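Read through the structure below, which is laid out as C-alpha cells, and then see the notes.
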Amino acid sequence: MKTYQVEIRETLCMIVEIEAENAQQAEAMVRQAYSNEEYILDAEHFAGVEFAAREKEIEARSRNQKRREYER
C-alpha cells in the first residue's frame with residue numbers, strides 16, 4: 001500500500017466595483033482595502049474546489065532507490 005498526499009484547494013471570489021483613474025490604481029486601492037480587512041471572503045464567496053493527489057515524496061524516492069539497487 002502506498003501513501004498519498006492529497007491537496008485540497010478551495011477558491012473564494014468577490015467582485016468589487018471601484019472608481020479609479022486606471023486598472024492599476026483600481027487594483028492598488030482594492031489591495032489596500034483588502035489588507036485593511038475591509039473585504040472579508042467567506043463561504044458565501046465559494047467559487048470552486050480542486051483536488052490533486054501525489055505519492056508521498058519520501059516513499060517514492062525510497063522505492064526508486066531500491067529499484068536502482070535491484071537493477072545493478
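All values derive from a computational prediction rather than experimental measurement.
Taking every heavy atom of both residues into account, Phe46 and Leu12 meet most closely at CA-CD2, 3.7 Å.
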Let me have the donor-acceptor pairs involving side chains of residues 15-24, under 3.5 Å, with sequence neighbours excluded, atom names and distances please.
residue: Asn22; atom: OD1; partner: Gln24; partner atom: N; Å: 3.2
residue: Asn22; atom: OD1; partner: Gln25; partner atom: N; Å: 2.7

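Atom CD of Glu7 sits in a crowded spot, with more than 12 heavy atoms from other residues, nucleotides or ligands closer than 6.0 Å. Atom OH of Tyr34 has 12 or fewer heavy atoms from other residues, nucleotides or ligands within 6.0 Å.
Listed by chain and residue number, nothing satisfies the side chain to side chain donor-acceptor pair (under 3.5 Å) test with Arg54 (two or more places apart in sequence, or in another chain).
With rounding to the nearest 0.5 Å, the separation of CG in Leu41 from OG1 in Thr11 is 11.0 Å.
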